[in-house]
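The figures here come from the full heavy-atom set of this structure, side chains too, leaving out hydrogens, waters and symmetry mates.
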Number of protein chains: 2
Amino acid sequence: MEAVARPLYLQVREALTARIADGEWKAGEALPSEFALAAQMGVSQGTVRKALDAMAADNLLERRQGRGTFVPEQTEARSLFHFFRMQDAAGAPVVPTTLRHAIERIQAPADVARTLDTGRRQVWRIQRLRAVGGRPAIIEHIYLDPQRFPGLGPDTALPNALYGYYQSAAGVTVARAEDSLSAVAAAPDQAAQLGIAPGAPLLRAHRVARDLRGTAVELRQSWFETSFQHYQVALN
Amino acid sequence: MEAVARPLYLQVREALTARIADGEWKAGEALPSEFALAAQMGVSQGTVRKALDAMAADNLLERRQGRGTFVPEQTEARSLFHFFRMQDAAGAPVVPTTLRHAIERIQAPADVARTLDTGRRQVWRIQRLRAVGGRPAIIEHIYLDPQRFPGLGPDTALPNALYGYYQSAAGVTVARAEDSLSAVAAAPDQAAQLGIAPGAPLLRAHRVARDLRGTAVELRQSWFETSFQHYQVALN
DNA sequence: GAGTGGTCTAGACCACTGT
DNA sequence: CAGTGGTCTAGACCACTCG
């Protein structure tokens with residue numbers, strides 16, 4: 001049984017995605033020109049263009065007229081724009097800072113082990129308390145597979161935006177994520193950290209982040225104090 | 001001062017969007033073929049195709065190979081898929097039913113009047129209590145401008161999915177929306193309606209829905225009881 | 001079989017970037 | 001200036017739908 005032939009431009013797209021995932025071009029570097037890629041892959045320039053345009057639409061590439069086609073860098077601004085949806089009452093993006101964090105190696109909870117496919121191995125858990133406008137506002141629990149993040153340790157210094165760190169330190173590119181949102185009551189220890197009353201409402205986000213190949217690389221739980229910030233979603 | 005010439009395919013896209021908004025083709029009807037449109041508008045078929053593809057990507061059109069290019073109908077399935085993001089614990093889409101509703105004409109709160117641009121006029125407010133799996137789970141307050149919905153009255157029978165009603169009864173197509181999410185404590189009357197404890201956490205969504213021209217046509221506040229359903233968001 | 005959108009190619013010209 | 005992506009055109013062929 002032969003699979004149905006997929007369109008050429010999708011094959012080109014997958015081949016290029018795989019080459020990026022393999023590190024053939026690193027973050028910030030340019031791919032060869034459309035004509036060069038077309039010659040390499042034995043297709044027309046128009047077909048390469050269609051593949052590149054589709055990848056750019058999914059934020060897997062950045063095209064700059066007159067310069068080239070680039071593998072995006074997970075800069076802090078880019079991470080915030082794509083993967084952080086909190087805005088203040090005026091609709092302006094919110095930039096959180098980290099007040100404190102802790103990194104531990106723990107036995108993976110069942111759902112974490114299942115999602116990250118870590119089997120019986122231990123996982124890293126990063127806990128962070130983050131502030132918005134100087135005020136404690138976000139609690140995060142982040143789970144990572146030590147096999148994919150060998151450089152991580154209890155004393156690793158972490159930047160504000162983790163996805164840039166994943167990329168530069170472990171070669172892991174977060175390409176997309178899914179958030180599952182609900183409202184929960186603040187537990188006593190959460191309330192103490194955030195300086196609010198126990199039982200006060202918090203917005204909880206359960207996130208699975210995936211790399212270019214679609215493999216889950218991060219599981220994150222966040223609790224947001226939403227009296228002065230909102231989670232913004234565009235629907236169309 | 002002449003504005004910079006925009007690309008032809010964007011001009012084509014805007015012209016077609018305006019013609020759809022004007023009702024030249026109604027929901028469910030097909031546009032002329034690519035070649036016919038190209039001849040009409042004096043551009044090549046490839047340029048029309050680029051405009052149509054972009055509109056299809058934004059859910060403004062539906063293309064079906066061998067059949068034609070259609071103006072989408074706001075069926076219940078489509079509305080749910082595009083504008084309702086609740087899923088149950090298993091990740092399956094949730095289909096709410098309406099338990100009861102009330103339609104009143106009220107003085108518009110300031111933010112409603114500003115968003116819908118109704119000035120000093122009164123507005124319609126639709127209140128609904130909705131159930132998921134037979135269990136009260138969602139409270140909605142929906143604000144509409146009577147000038148855009150002249151057929152609406154206190155005794156109007158409403159279907160489950162309002163956006164289909166907007167389209168068929170008032171010729172208003174909801175093309176996109178923005179949700180702003182936060183967590184709040186249930187007020188006593190809300191708790192009573194939902195059968196939960198006062199102060200229990202609810203997920204609140206503040207929505208502005210816009211038509212094809214980008215004009216705000218609906219303002220909606222929803223409160224979700226999220227112990228058995230979640231608001232799902234894809235990020236990329 | 002006629003008509004539709006989907007794919008693929010080829011080539012021309014424009015707009016922007018860096019040297 | 002050379003090289004890049006962006007736009008526009010033209011034409012061929014394929015896959016699907018319907019009568």
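The stretch residues 206-225 of chain B participates, sequence neighbours left out, in these ring-ring contact (aromatic ring centres under 6.0 Å, His included) pairs: B:His141-B:Trp223. Residue pairs that meet the side-chain hydrogen bond (donor to acceptor under 3.5 Å, both in side chains) test with at least one member in residues 77-87 of chain B, sequence neighbours left out, are B:Glu62-B:Arg78.
The side chain to side chain donor-acceptor pair (under 3.5 Å) check on A:Gln221 picks up A:Arg204, with sequence neighbours excluded. In this structure, the side chain to side chain donor-acceptor pair (under 3.5 Å) partners of B:Tyr163, at least two apart in sequence or on a different chain, are B:Arg207, B:Glu218. With sequence neighbours excluded, the residues satisfying salt bridge (charged side-chain N to carboxylate O under 4.0 Å, His left out) with B:Arg148 are B:Asp211.
Straight-line distance from the CD atom of B:Glu29 to the C1' atom of C:dT4: 17 Å, rounded to whole Å. Atom CE of B:Met41 is separated from atom C1' of D:dC8 by 15 Å (rounded to the nearest Å). When rounded to the nearest whole Å, the span between CZ of A:Arg6 and P of C:dC8 equals 11 Å.
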Protein-nucleotides 5-7 of chain C N/O pairs closer than 3.5 Å?
residue : atom : partner : partner atom : Å
C:dG5   : OP1  : B:Thr69 : OG1          : 3.2
C:dG5   : OP2  : B:Glu34 : N            : 3.1
C:dG5   : N2   : B:Gln65 : OE1          : 3.2
C:dG6   : OP2  : B:Arg49 : NH1          : 3.4
C:dG6   : OP2  : B:Arg63 : NH1          : 3.3
C:dG6   : N7   : B:Arg49 : NH2          : 3.1
C:dT7   : OP1  : A:Tyr9  : OH           : 3.2
C:dT7   : OP2  : A:Lys50 : NZ           : 3.2

